[in-house]
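Numbering of ligands and ligand atoms starts at 1, following listing order. The first residue in the sequence is number 1, and the count goes up from there.
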Amino acid sequence: SNGNVTATPDGDDLQYLVPVQIGTPPQTLHLDFDTGSSDLWVFSSETDPSSSKGHSLYNPSTSTSSKKVDGASWNITYGDQSSSSGDVYTDVVTVGSLTVNSQAVESAQQVSAQFAQGNNDGLVGLAFSSINTVKPTPQKTWFDNIASTLDAPLFVADLRHETPGSYIFGAIPSAASNILYAPVDNSKGFWQFSTSSDTGGEFDAIADTGTTLILASDALVKSYYQKVQGAHLDALQGGYVFGCNTTLPDFKFAVGEGEITVPGSLINYAPAGNNECFGGIQPSGGLPFAIFGDIALKAAHVVFDSGKTQVGWAQK
Ligand SMILES: CC[C@H](C)[C@H](NC(=O)[C@H](C)NC(=O)[C@@H](CCSC)NC[C@@H](N)Cc1ccccc1)C(=O)O
């Protein structure tokens, strides 16, 4: 089987939300599919009420198929220092037409302010199950649970600028042509691959649908903005800004034997005040790899192939 589901960007393409059905009868929540983490967690009837306003909530007690995982808990922290934690149920989880009958659904009891004020109802982790945070027994991702029923053990991200795109499970859409593949090193649990660019030399990167921007080394970022008239690092805005009608250079990076181009237009991320705009490439703050978030992913169809432990990029 295979399936696909619509991924709808919220304002400024900050994140891409996907409708997911949980429980019996189905409860629909809008979740952030995140190839940079491996926990499926949701706002729920157990979430601190001061944090859950404005979110759809999973209520395990009204689902006839929910089961409490006794003694299990989870606690996750993300690169932007946001976090969430809680306890664990199993329940039916359907994405598009694909159903996992006993998926670990991590119910949030605490969420940090970024999540309370954000507009997702939780995350679906699509990185490798090795970094799932449930204790004492780590749980499998929804993709790991569904993979064996798919025509191929892979999924494809087709994210777009300010318009709905999709995630396709089990097949590669015919629109994806001339796919460039790179082997994935999943030892840290991420979709990590080696790449290079004329501004950054050779480096590793992770493909992270749950991160909005491209986050890279200080050297790469400095070298990129040296080509942008008037660009400067503005501590108040939290990164590099430039005049909003500045023409930005493309960002090209290597994948296998070929090269992917992120058009400069995608790198003018969003207005930042006083007629300056915030760049879509920003410093990662010293991580040992770059994070190729949605700014990069929008430029391609991206194949996350767990069968062959490889990632494929097809230029759009
Ligand atoms: C360094 C980052 C932390 C601390 C590290 N955690 C991670 O790497 C987690 C799994 N992944 C993440 O924090 C990042 C990848 C960072 S690479 C180190 N991806 C997921 C993130 N975009 C999810 C998100 C979505 C919407 C709003 C906020 C956050 C850890 O637990 O050690």
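Between Ser37 and the options Asp34, Asp39, Thr35, a side chain to side chain donor-acceptor pair (under 3.5 Å) holds for only Asp34.
Residues of the protein with a heavy atom under 4.0 Å from ligand 1 are Asp32, Asp34, Gly36, Ser37, Thr77, Tyr78, Gly79, Asp80, Ser82, Phe115, Leu123, Phe190, Ile206, Asp208, Gly210, Thr211, Phe289, Ile291, listed by chain and number.
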Run the numbers on Thr24 and Ser65 for side-chain hydrogen bond (donor to acceptor under 3.5 Å, both in side chains), then give the verdict.
CA-CA 6 Å; Thr24 311; Ser65 43; 2.6 Å; yes

Would Trp142 and Phe155 count as a ring-ring contact (aromatic ring centres under 6.0 Å, His included) if you check the C-alpha gap in whole Å, the side-chain angles of each, and the deciding distance to 0.1 Å?
CA-CA 12 Å; Trp142 181 85; Phe155 63 93; 9.0 Å; no

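Within the 6.0 Å centre-distance limit, the rings of Phe115 and Tyr78 are counted as a close aromatic pair.
Nearest approach of Ala127 to Gly189, heavy atoms of both residues: CB-O, 3.2 Å.
Every residue two or more places apart in sequence or in another chain that forms a salt bridge (charged side-chain N to carboxylate O under 4.0 Å, His left out) with Lys68 is listed here: Asp87.
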